[in-house]
Structure formats: structure tokens, C-alpha cells
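One structure is given here, and the rest of the page talks about it.
Reminder, nothing fancy here: chain letters follow the sequence lines and each chain counts from 1.
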Amino acid sequence: MTATEERPAAEIGASRRRKEDARLITGRTRWTDNIVLPGLQHIAMVRSPFAHARITSIDTEAAKASTGVVAVITGADIADEQGALPNAWAVIPDQKAPVHLSMAVDHVAFAGEIVAMVVARTAAEANDAADLVDVDYEELEPALELKAAARDEVIAHPDLGTNVSAVWSYDSAESGTGGDVEAAIAAARDGGIVIEQEFRQQRLIPAFMEPRSIVVDPTTEQMTVWSSTQVPHFVKIFIALVLGIPESKIRVIAPDVGGGFGGKLQFTPEEVLTVIAARRTGKPCKYTESRSESLMAAHHGRDQWQQLTLAANADGTVTGLKVELIADMGAYLGLVTSAIPLLGAFMYNGIYKFPAYHLGITNVFTNKTWTDAYRGAGRPEATYAIERLMDELAARVGVDALEIRERNWIKHEEFPFSTVSGLRYDSGNYEAATAKARELFGYDDLRAEQRKRRESGDPVQLGIGVSTFTEMCGLAPSRWLGSMGYVGGGWEHAAVRMLPTGKVEVVTGTSPHGQGHETAWSQLVADRLGVAFEDVEVLHGDTQVAVRGLDTYGSRSLAVGGMAVLAAADKVIEKAKPIAAQLLEANADDLDFSGGRYGVRGTDAGMTMAELAFAVFQGHKLDGSAEGCLDADATLDPDDFSFPHGTHLCAVEVDTETGASKIRSYVCVDDVGVVVNPMIVEGQVHGGLAQGIAQALYEEAVHDDSGTLVTGSFDQYTLPGAPDLPSFEAARTETPATTNQLGVKGVGEAGTIASTPAVVNAIVDALRPLGVTDVPMPCTPYRVWTAIQEGSRS
Amino acid sequence: MTRITVKVDGSSFTDEVEPRTLLVLYLREQLGKTGTVVGCDTGNCGACTVHLDGRSVKSCSLLAVQADGHEITTIEGLATNGELHPMQQAFHENHALQCGYCTPGMIMQSIDLIADNPNPSEDDIRLGLEGNLCRCTGYQNIVKAVQAAAAAPQPSAAGGAQ
């Protein structure tokens with residue numbers, strides 16, 4: 001009956017071990033693929049082996065006759081039923097896009113596109129029969145190379161007539177946020193410095209560890225859809241909109257979800273088709289992708305060309321930046337494919353205060369797997385560009401890489417600061433983060449060692465890479481999203497309920513898949529309500545429980561969702577006040593709330609939240625003047641973004657004879673504002689660093705000349721393993737955000753955004769005396785070696 | 001169909017299996033041992049790692065019939081009488097997991113690693129876990145957890161089967 005007694009003085013800031021772990025370390029997990037229902041049928045997909053083709057015929061007879069097969073369904077069979085998959089972000093009003101079918105009817109636009117599905121008694125029988133589906137294709141020339149596609153040399157979708165989906169631009173002179181970049185460049189050509197450089201953001205694959213899986217039970221009052229997704233609330237709405245099923249007839253559950261990184265921020269063909277299969281057969285159906293299918297058909301990330309022109313005075317003061325980028329949409333627009341470059345558009349100025357900026361974006365279709373959000377989503381690309389350029393500028397001016405940044409960054413006393421791209425940075429202290437990183441790294445000693453190795457001609461050269469970054473987090477103010485062409489909002493919802501026994505149920509509209517919300521939200525509520533951490537239960541990921549929500553992505557969960565939880569908790573405290581006044585026979589104005597207890601000022605009289613919750617449950621002594629319930633809901637729409645920042649320093653040893661790079665040390669000082677759980681924050685940073693380093697050194701999705709994904713398994717798409725990564729030193733400074741009540745900023749993407757340029761800057765820094773000014777990513781030994789050969793020739 | 005008899009997490013099972021059935025699918029689908037998961041189809045990720053007669057194996061790379069007559073321990077058989085195995089405890093204490101999908105395989109491999117090498121260096125641990133991929137943690141806290149577990153008193157047997 002009583003709540004747990006012990007609680008630490010403050011939960012916020014405590015490295016609480018995670019509640020989630022209990023089931024995850026013992027195998028009592030709830031992955032979607034674990035779900036078994038009576039009469040469950042299994043689905044296998046038939047996918048196009050060609051990047052671009054017309055379907056001339058599909059023969060399903062042999063598959064239908066195969067043992068255990070319940071149904072074989074082609075695109076033509078469901079042409080009137082399947083609707084079209086949504087794109088939720090028109091970056092311009094007349095954005096062009098092909099119709100995106102869950103199952104192709106007569107035209108396939110990437111290798112991996114679904115052309116038929118088999119429903120059978122077992123997964124093995126479904127897979128056997130899928131091999132018997134005989135599809136005839138007429139191959140078409142695929143549009144593969146991004147720049148050629150932008151010139152419409154080969155058209156990915158003949159019906160569309162062009163590969164260009166949208167052209168979008170931002171200009172500081174036109175927007176009134178700064179000067180004219182062409183004038184800045186012209187001025188710099190006359191006695192200043194102009195750096196022109198092109199960077200390739202290679203195509204990456206999110207590669208969450210749990211392959212996607214969907215189970216649909218059509219026999220329940222509300223059709224139940226379990227999906228390994230980051231966005232159960234999106235999935236519910238889109239099933240309704242795409243398939244015409246009343247929203248009130250759909251329940252979506254994201255049970256334990258094994259990673260996402262943006263890759264499960266999607267509404268997928270596989271979800272639509274599993275619903276269709278279940279609806280048609282009237283029985284529960286399951287689809288679980290293989291890893292090969294996942295790498296081929298789950299959306300990819302990055303894939304841009306960036307053409308950059310940086311203008312600066314001779315002393316290294318940046319005067320303008322011009323960016324022209326081409327972004328590969330792949331074959332179709334997913335939920336926010338079109339907006340990924342846009343999410344980076346406001347970050348090219350980084351932490352700097354230069355006065356002129358122009359960005360042009362061209363979104364282009366090719367016959368490759370569609371792209372969409374991948375950890376950082378637009379911001380890693382922007383950060384890479386500006387941070388690589390700052391190193392090149394330092395080299396041209398002949399000053400240290402940290403010195404050039406200090407000359408250009410926003411000083412801590414200059415916040416709030418309105419940037420050249422039109423954002424308002426509320427807070428930051430780049431000096432403090434950099435000073436701390438510099439000390440932890442032993443910057444001066446490493447520079448001294450670098451000099452020695454250069455002087456001695458050591459075949460193993462030492463490079464030091466700098467990356468000072470910021471990012472926009474806490475997606476997002478709904479008004480901003482609306483102004484940018486997004487159809488949805490950016491608010492978040494929460495509920496807090498005091499239970500009769502003093503326990504607390506917290507419902508959040510965020511949908512964690514590894515981030516530890518059950519733990520961190522418990523800490524928030526324990527602190528606010530003055531109850532024990534163990535007494536708080538956090539519920540999420542089921543639309544029957546978390547009835548409103550906008551899920552987890554864009555480093556939004558704490559800054560938006562967590563603040564909604566606090567707002568709901570505050571409402572519970574407010575609701576308890578008149579009840580406490582009644583029960584304590586005191587004037588409400590004489591009550592103070594502290595440590596989970598309403599006390600009558602100047603007396604020992606008081607009641608804890610647990611006592612109030614039980615009194616409310618009984619209702620015996622309530623006079624009816626206040627609502628007898630200690631539950632509250634809150635919806636919170638953020639006023640503005642938050643802006644985490646940090647300084648990352650990386651030392652890389654490069655063997656100039658083999659081209660092999662080895663990270664010797666990596667120090668990062670991140671300022672993510674107030675921290676609820678330092679252990680979880682550090683874990684997020686570690687994982688983010690690993691993914692950013694993977695872009696710099698290891699990963700690339702490669703297609704051959706026919707459009708086949710060469711890196712179609714974990715044999716070829718090489719996620720870093722434990723021996724491929726160093727231990728990191730992750731430290732923090734704490735400059736609270738002013739855009740939310742707790743001062744938090746967000747941490748999910750920081751490591752990924754910052755680390756890629758830090759590593760590549762280090763490699764280029766090691767090789768600069770050899771004439772190297774750039775190495776394309778991923779910086780494999782062969783590419784590094786080639787850059788050395790080319791550098792020494794030039 | 002082929003008849004096999006296996007001992008899994010301390011219980012004996014006799015079943016008819018298709019000769020092509022992978023051990024991991026037999027564990028998951030016929031025995032309901034869904035704590036062991038599938039992460040890839042090429043033997044790279046190690047998420048399906050279990051112990052066969054006390055040594056780690058990737059259960060996606062063995063057929064169920066190859067396990068006939070052998071003892072298997074999965075992640076579900078590690079805790080004894082509600083007491084976590086020291087490696088499980090170390091993963092929890094050191095925040096060595098985020099989404100948790102690689103965790104069963106990672107824990108099973110880590111136990112095998114310190115059985116082979118009770119005092120591993122950081123490099124030993126990283127090399128010993130080369131066959132297990134994690135996308136969330138960057139491995140640093142996994143390394144810490146293995147170091148912590150190596151320093152902790154070890155149970156005489158790993159779970160129910162030895």
C-alpha cells in the first residue's frame with residue numbers, strides 16, 4: 001500500500017541504471033518477430049532484381065500450387081486497394097514525385113522493389129513459393145549516377161519526364177538575414193581567400209540491428225499492427241489514410257524495437273502489404289525481412305554532392321559561404337526524403353557568424369533504393385562541409401585549426417544570436433567546450449609530436465582533426481514545420497497518473513528504441529512529484545495506451561516529449577492542491593509543495609502525493625469542489641529549437657606507405673545542456689561517434705553499373721566491429737538551453753554529426769605536407785594511399 | 001524429418017525437424033527460445049550466439065540436426081534461481097546495451113571470451129568480440145562490462161548446461 005521510501009536527493013543528474021535492461025539482458029524481450037498468434041500466416045516478398053524495368057508478365061501458378069501456400073498476390077491484384085505511399089514534406093508547392101506504390105504494378109524503379117508476395121503457413125513455405133513466382137521483365141536503362149541524373153541524361157521515371165523533384169534555395173540577402181554572397185566572393189577574389197571544394201556524402205545504410213518485422217491481427221476489435229518502427233503514431237494515421245480504414249479501427253504497437261537511427265522513421269510498403277494480406281485472408285499475418293532485404297529495401301541515407309565556395313578575408317575572417325547541393329532521393333519519396341537536405345540548410349554556417357550565405361538544393365531521382373532520414377539527417381552533411389572548409393581555411397591562412405575557428409565563432413556573450421540562415425541560437429559557450437577539449441586531448445603535446453614526425457619523415461604521420469559543431473534539435477515547433485511545407489506538427493503529448501497505491505503511471509507519446517526513456521522519464525517524474533524512481537512506470541509505443549504522440553526522431557524526445565511529461569506532472573501537482581487544502585483543512589494559499597508533499601506552512605501538517613492519491617481513490621472526505629482525480633494530460637509544442645554544440649578532437653595515425661588510418665585518441669566535449677542521466681547521455685555519444693566514424697572510414701552503399709546493390713550483406717556493408725573503434729573520452733560542459741523549462745537540448749545525433757569531419761580533418765591534416773587537401777569518404781586505405789600518390793605528383 | 005534430442009537451458013527436448021532447419025530457428029520457433037535472435041543471414045552479426053556444450057556458436061550457422069545429443073545454453077538459461085549471471089549484471093551496471101538486440105549474442109560471446117582468457121586486455125576483448133556487431137553503443141561500454149565481469153567472481157557453471 002505504501003510507496004517505496006528511499007529516494008536520492010535529486011534524480012535529475014543521476015546515472016540511474018536502466019529499467020529497460022532487465023528484460024533485454026535476460027532474453028525476455030518483445031521483438032515483433034517473437035510474436036506468435038493462433039493461425040498466424042507468413043509472408044515472403046518477391047523483389048525486383050533489376051533497378052529499372054517494365055514488368056511484362058507474372059506467372060503465379062507454380063507458387064500457388066506449392067505446399068502450404070494460402071495466397072499469391074501481385075501488384076495488379078491489389079491495384080485498386082493499395083493506395084499510394086505518402087510523402088509528408090513538399091519542400092516546394094509543385095514538388096514532383098512518382099506515384100509510390102507498395103507493390104509495383106507494371107514498372108519497377110529500384111532493385112529490391114516488391115513485385116509480388118506469397119502468404120503461406122510457414123515462413124519456409126512462403127520463401128520456397130516466392131522462388132517459384134515467375135516474373136518477366138523488360139529491362140530499361142537505369143539512372144544511377146547522381147550528377148548525370150540531375151542533368152536528366154537517363155530518366156528514372158519516364159512518366160515524370162524529369163529526374164528533378166524540387167529546386168529550393170535560401171539566400172541571406174533575399175531573406176534579410178545577411179549580405180550578398182556573390183559580392184562577398186567577388187571581394188575575396190581581390191586580395192582575400194576563396195576556397196572552392198566539392199564533397200561527396202556517400203550513400204549510407206542505417207543498418208539497425210533488428211530487421212524490420214510486422215505482425216497484423218485483423219480479428220481484433222481494432223485491427224492490431226505490431227511493427228518494428230520508430231513511429232507507431234504515424235503508422236496508425238497512414239494506414240488509415242492510405243488504405244481507407246477508419247483510424248478508430250487501428251491499433252499500432254511498437255513493442256521492443258531494436259534500433260532505428262532514422263531507418264525506422266518511415267511508413268513502409270511492407271506495413272501496407274502485411275495489412276492487405278491479413279485483411280484479404282482474414283487471419284493474422286507476419287512479415288520479417290532478412291538482412292539482405294533490409295540492406296536493399298529499407299531506406300538509405302545521405303548521398304549528396306556538395307559544391308562549396310567559401311570567401312574570407314586574408315586574416316581568415318569568413319565573409320560568405322555558397323553551397324550548391326544535389327541530393328539523391330533514390331527511386332521514390334518516403335515520408336521526409338525530400339526534406340533531408342532542408343534539415344541541413346540552416347546548419348551550414350555552423351557556430352560561425354559570417355555575414356553572407358546562399359544555399360541551393362536540387363532533389364533528384366535515381367533508380368536506387370529511396371533515401372530518407374539517417375542519424376543527423378542533413379545536419380551531418382552541413383557540419384562536414386563547414387568543418388572541412390574551416391580546416392582548409394586554416395591551412396591557407398597558415399594558422400592553427402582551433403585558432404581559425406575562434407576568429408569566426410559566436411562568442412558566449414553574443415547569445416542569443418541570430419544567424420545568417422535565419423535561426424536564433426539561444427545559448428552556447430564554444431570557448432568553454434573548446435578549452436576543456438583542448439586540455440583533455442593534450443592538444444599542444446600532440447601538435448609537438450606531429451611536428452617531430454613531420455621533421456623526421458616518419459612513414460606513420462600523425463594528424464589532428466578538429467570539429468566544432470552545433471545542431472538544431474528538439475524537432476520541432478509546429479509553426480516552423482508548417483512554414484516549411486511539412487504536413488504534420490512537432491508537438492508531443494504525455495499523461496501522468498497517480499495510482500491509489502502511490503505508484504505512478506507515465507504515458508509518453510515518444511517511442512524509444514534504445515534511448516532509455518523508461519529510465520529517464522522515471523527520473524523526471526520522480527523528481528517532480530517527489531516519488532521514488534522505482535514507483536514510476538513509463539508506458540509507450542501502443543496507440544491504445546499512448547493515444548496521442550509524434551514519436552522519436554530528430555533528438556526531440558527529451559526536449560519536447562520529456563517537457564510534456566513535466567508539464568503533465570506539474571498539472572497533477574496543481575490538481576492535488578485544492579484536494580490537499582480540503583483534507584488538511586487549510587487555506588490553499590498556505591500550502592507549499594516540496595519533496596512530494598503538500599505541507600501547511602509553519603506547521604507539521606501535510607500529506608504526501610501517495611497519501612493524497614489514496615484519499616482521492618477513496619473519495620470519502622472530498623467535498624466535490626475539486627475534481628477527485630490526480631491524472632493529467634499535457635500537450636507541449638516547443639517555442640523553438642535547441643542547439644547542442646561541442647568540440648571534438650581526433651588524433652589519427654596514417655601509415656603513408658599503406659594508406660591505413662588508425663584513430664589513436666578521440667576526445668569530445670559536448671554541451672547538451674542540462675543532463676538527466678549522464679550514463680545514458682555518454683552512451684548516446686559513444687554510439688553516435690561510432691556511426692560518424694563509420695561514415696568517415698568504413699561504410700558505403702555501392703551499386704554496380706546495373707544498379708544492383710553490391711554491398712547487399714554484412715559481408716560487404718562493413719559496420720565497424722569492436723576492433724575497428726577506439727575508446728573515446730566523452731566529457732561535457734553544461735550551458736542550459738533557454739527554450740524549455742529544464743534547459744535540456746538533445747543528444748541522439750550529436751556524436752554522428754561531429755565525428756565525421758573530425759576524423760577526415762585528422763587524415764587530411766596528417767597528409768597535408770604530402771600535398772593532400774582532401775580524401776573522399778569512406779577513407780579506406782586504398783583511397784588514402786591514392787590521395788598520397790596524387791598529392792605527391794601535384 | 002529427422003528426430004533429434006537436445007538439452008536446452010537444462011530441459012530435454014526430442015523433436016522432429018526438417019534437416020534444413022537452422023539451430024536458431026529451431027530454438028526460436030519450436031522451443032520458443034525467442035531471447036535468441038536473428039540479425040543477419042551471412043553469419044556476420046553474432047546476435048544469435050548461444051553455447052553448445054559450453055562453447056559459443058552462432059546458431060544461424062549450425063543446423064538443428066547438428067545439435068543432436070548436445071547441450072545448449074541460451075541467454076534465457078544464464079540466470080540461476082533469479083540471480084543474474086555476472087556478465088548479465090556487468091552489462092547492466094556498465095550500460096553495455098541500448099536497443100538490446102545484439103545483447104544476447106554479445107553476452108554469450110563475452111562469457112566464452114573470459115572463459116578462454118580470464119584476464120583479457122582491452123585489445124583482447126575487442127578482438128574476441130569481432131564476430132558480434134552492435135550498432136548502438138560504439139562497443140566502449142561493452143568492453144567495460146567484460147572487464148568488470150572478468151574481475152568479478154565467476155560462477156562454476158554457465159547456467160544450466162556444462
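In this structure, His513(A) and Thr229(A) have side chains that are not in contact, with every pair of non-hydrogen atoms separated by 4.5 Å or more. The side-chain heavy atoms of Pro120(B) and Leu113(B), taken from C-beta on, include a pair separated by under 4.5 Å. Side-chain contact between Glu518(A) and Arg18(A) is absent, with no heavy atoms from C-beta onward closer than 4.5 Å. In this structure, Glu729(A) and Ser665(A) have side chains that are not in contact, with every pair of non-hydrogen atoms separated by 4.5 Å or more. Side-chain contact between His70(B) and Val6(B): absent, with no pair of heavy atoms (C-beta onward) separated by less than 4.5 Å. Between Gln695(A) and Gln691(A), every side-chain heavy-atom pair lies at or beyond the 4.5 Å cut-off.
Heavy atoms closer than 4.5 Å to chain A are found in the side chain of Thr103(B), but not in its backbone. In this structure, the portions of Asp33(A) lying under 4.5 Å from any heavy atom of chain B include both its backbone and its side chain. Proximity to chain A is limited to the side chain of Ile107(B), based on heavy atoms less than 4.5 angstrom apart. Neither the backbone nor the side chain of Ile142(B) comes within contact range of chain A, judged by heavy atoms closer than 4.5 Å. Contacts between Val143(B) and chain A at a heavy-atom distance below 4.5 Å are absent for every atom of the residue.
Pairs passing the ring pair (Phe, Tyr, Trp, His ring centres under 6.0 Å) check and including a residue from residues 13-39 of chain A, sequence neighbours excluded, read Trp31(A)-Tyr101(B).
Paired with Ser56(B) under the rule side-chain hydrogen bond (donor to acceptor under 3.5 Å, both in side chains), one option of Asp112(B), Thr73(B), Thr49(B) passes, and it is Asp112(B).
Between Phe728(A) and Tyr666(A), the angle of the ring planes goes over 60°, which puts this pair in the perpendicular group of the 30/60° scheme.
Residues Ser110(B) and Val146(B) come closest through the heavy atom pair OG-CG2, 3.4 Å.
A salt bridge links Arg212(A) with Glu289(A): the distance from a Lys NZ or Arg NE/NH1/NH2 to an Asp or Glu carboxylate oxygen falls below 4.0 Å. Under the 4.0 Å criterion applied to side-chain N and carboxylate O atoms, Glu699(A) and Arg375(A) are not assigned as salt-bridge partners. Ionic pairing of Arg17(A) and Glu93(B) is present here: one or more N-O contacts between side-chain nitrogen and carboxylate oxygen are shorter than 4.0 angstrom.
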task = In sequence, state the C-alpha distance, the side-chain angles, and the governing distance for Ser15(A) and Asn677(A), and then conclude on side-chain contact (heavy atoms from CB on, under 4.5 Å).
result = CA-CA 5 Å; Ser15(A) 284; Asn677(A) 185 318; 4.1 Å; yes
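Residues of residues 22-34 of chain B having a heavy atom under 4.5 Å from any heavy atom of chain A, listed by number: Arg28(B), Thr34(B). Among residues 34-43 of chain A, the residues having any heavy atom closer than 4.5 Å to a heavy atom of chain B are, in sequence order, Asn34(A). Along residues 258-265 of chain A, the residues that come nearer than 4.5 angstrom to chain B, judged on non-hydrogen atoms, are Gly258(A), Gly259(A), Phe261(A) in order of number.
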